[in-house]
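Take a look at the structure below.
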There are 2 protein chains.
Amino acid sequence: MSAPKGWEAIRAEVLARIDRRDWAPGAVIPSEADLAEEFGVARATVNRALRELARQGVVERRRRAGTRVATHPVRKATLDIPVTRLEVEGRGQRYEFRLLERVFAAPPPVVAGRLGLAPGARLWHLRTLHFADGRPYLYEDRWLNPAPLPGRAPPAEAAQISINEWLVRNVAYTFGDISFSAEAAGEAEAAHLGIAPGAALFVIERTTWAGEVPITLVRLAYAPGYRLHTLL
Amino acid sequence: MSAPKGWEAIRAEVLARIDRRDWAPGAVIPSEADLAEEFGVARATVNRALRELARQGVVERRRRAGTRVATHPVRKATLDIPVTRLEVEGRGQRYEFRLLERVFAAPPPVVAGRLGLAPGARLWHLRTLHFADGRPYLYEDRWLNPAPLPGRAPPAEAAQISINEWLVRNVAYTFGDISFSAEAAGEAEAAHLGIAPGAALFVIERTTWAGEVPITLVRLAYAPGYRLHTLL
DNA sequence: GAGTGGTCTAGACCACCGG
DNA sequence: CGGTGGTCTAGACCACTCA
């Protein structure tokens with residue numbers, strides 16, 4: 001046990017009062033100014049504490065309306081989206097990858113649509129198999145817009161660096177979205193990953209953008225046993 | 001387009017310099033004091049901007065060592081862990097649930113171990129099926145420690161509120177962990193969800209604690225098609 | 001030892017928005 | 001209108017850690 005100091009102590013005390021139902025869900029808690037006086041600290045310190053609680057979803061804050069205890073404590077979990085190589089090596093396993101395909105082609109309409117590109121636009125299509133200790137670990141299917149790339153082309157097949165690592169080092173993205181789902185393995189995926197068709201795969205789909213320009217859409221299918229973990 | 005003011009403008013400018021490779025990955029950027037002078041703002045304003053970038057994983061900060069551009073931009077995604085009822089209703093669907101089982105029993109050793117309880121401890125075991133528009137949506141299998149519960153027992157089977165909602169309103173937890181994976185549906189799950197055994201299920205496992213006291217371990221198996229989505 | 005980020009203070013002005 | 005949170009300032013002290 002260690003007693004927090006400063007704004008963390010304020011946060012802890014406010015949390016404790018919420019937990020004890022001193023301040024019930026939906027209720028308005030005292031204003032920053034009042035709390036600052038009660039705790040004998042500057043308002044900025046209270047503000048920092050309450051801002052953190054708001055970011056965690058414990059309270060909701062609005063000008064004039066004040067700070068309320070969240071009625072439905074939507075807990076927020078922060079996931080680290082790792083670079084595959086570091087994820088594998090972080091478990092003490094040997095990382096390798098093999099580029100299966102690298103072609104310049106027109107994507108299916110659904111892909112073009114997701115990236116907001118005109119039908120008929122041509123993209124790089126890259127398929128990569130990643131290994132952990134020599135065993136298939138992750139099947140990656142990526143569409144890559146040449147426009148924002150230096151040299152307008154991804155690294156050659158012989159490159160020693162994976163597409164993703166090359167991307168994060170060479171093309172800065174400003175935002176994106178990510179989704180997680182479970183899907184049954186298709187024939188091709190199953191063959192690459194060395195599993196039976198229909199097996200349950202953990203799938204991450206991600207799109208990234210640099211301003212208005214789409215960079216990439218990637219589908220990551222993890223071999224059975226993969227688990228994404230984080231603390232609340 | 002709108003030009004950000006204040007600390008957001010600082011953050012944007014720093015991000016832009018990183019994107020332009022003015023400041024390369026791994027490089028140390030100027031100190032807060034220097035940036036404050038350059039931008040003509042107080043150091044606290046620069047601090048706020050850099051703190052946000054650090055939270056996003058764009059830069060890494062250490063006392064004395066200064067602020068560095070992250071070499072491996074581990075992007076962090078913030079997931080909202082929703083209450084099932086709100087998640088379903090938020091899509092405009094009708095929510096229902098049915099409590100399948102509510103017994104007081106000794107859990108399997110693996111469950112007791114995960115919760116840090118002695119073998120032989122007895123817990124509530126609750127199995128619930130959740131529906132969206134009348135169709136099976138989520139199969140929930142929960143072990144619940146009676147110790148931290150008001151009345152030492154969960155609500156009766158006839159209750160109109162789901163176990164999870166009752167929990168978040170009546171038992172405050174201080175921390176927990178959560179994991180996401182894909183698993184093949186077992187016989188029982190498949191029957192409840194109305195799908196074929198072996199189908200790919202998205203599974204969330206969560207444990208929560210109130211200080212040193214374990215509260216619950218729950219396994220949520222979502223019907224095929226479920227997708228967790230967030231922005232980066 | 002010295003430079004960096006981490007935090008706090010006391011005060012101020014502003015944007016928002018409920019009554 | 002007036003109260004609330006959002007932010008900024010100028011200054012200060014502290015904690016950490018590198019050289």
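Naming convention: chains lettered A, B, ... in sequence-line order (proteins, then strands); numbering from 1 in each chain. Worth saying up front: this structure is predicted, and the values here are computed from it rather than measured.
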Discussion item. From CG of A/Asp34 over to P of D/dT4, roughly how many Å is that when rounded to an integer?
Written reply: 7 Å

Worksheet entry | side-chain N/O A/Thr45 vs C/dT9 OP1/OP2, d < 4.0 Å | yes

Worksheet entry | B/Leu53 CG to C/dG6 P, straight-line distance once rounded to whole Å | 12 Å

Worksheet item: Which nucleotide, D/dG6, C/dT4, C/dC16, lies nearest any side-chain atom of B/Ser31?
Response: C/dT4

Worksheet item: Does A/Phe131 have its ring centroid less than 6.0 Å away from the ring centroid of A/Tyr137?
Response: no

Worksheet item: B/Asn47 side chain N/O closer than 4.0 Å to the phosphate oxygens (OP1, OP2) of C/dT7?
Response: no

Worksheet item: Do B/Glu140 and B/Tyr222 have side-chain atoms, one donor and one acceptor, less than 3.5 Å apart?
Response: no

Fill in: Atom pair distance, as rounded to whole Å: CD in A/Glu60 and P in C/dG18
14 Å

Worksheet item: Taking OP1 and OP2 of C/dG6, is either one under 4.0 Å from a side-chain nitrogen or oxygen of B/Arg61?
Response: yes

Fill in: A/Ala42 or B/Glu32, whichever maps to the more 5' nucleotide of DNA chain C
B/Glu32

Item to complete: Examine D/dT4: is either OP1 or OP2 under 4.0 Å from a nitrogen or oxygen in the side chain of A/Thr67? Give yes or no.
Response: no

Worksheet entry | Interatomic distance, A/Arg68 CZ vs C/dG18 P [rounded to whole Å] | 10 Å

Practice prompt. May I ask you to evaluate whether B/Arg48 reaches the phosphate of D/dT7, defined as a side-chain N or O under 4.0 Å from OP1 or OP2?
Written response: yes

Worksheet item: Considering only heavy atoms and no angle criterion, is a donor-acceptor pair shorter than 3.5 Å present between the side chain of A/Arg43 and the base of D/dT4?
Response: no

Discussion item. Between B/Ile29 and A/Arg63, which residue's closest nucleotide on DNA chain C lies nearer the 5′ terminus?
Written reply: B/Ile29

Item to complete: Scan B/Arg62 against the nucleic acid and name what it touches under 4.0 Å (heavy atoms): base, sugar-phosphate only, or nothing.
Response: sugar-phosphate

Fill in: Integer-rounded Å distance: D/dC18 P and B/Arg64 CZ
9 Å

Practice prompt. State whether B/Arg17 and B/Glu38 are salt-bridged, where the test is any N-O pair (Lys NZ or Arg NE/NH1/NH2 against Asp/Glu carboxylate O) under 4.0 Å.
Written response: yes

Worksheet item: C/dC8 C1' sits how many Å from A/Arg11 CZ, rounded?
Response: 16 Å

Fill in: Whole angstrom value for the distance that separates P of C/dT9 from CH2 of A/Trp7
14 Å

Discussion item. Keeping A/Arg98 on the side-chain end and A/Leu129 on the backbone end, is there a donor-acceptor pair under 3.5 Å?
Written reply: no

Discussion item. I want to check something: taking the side chain as every heavy atom from C-beta on, are B/Glu205 and B/Arg114 in contact at a cut-off of under 4.5 Å?
Written reply: yes

Worksheet item: Given atom CD of A/Glu52 and atom C1' of D/dG6, what is their separation to the nearest angstrom?
Response: 15 Å

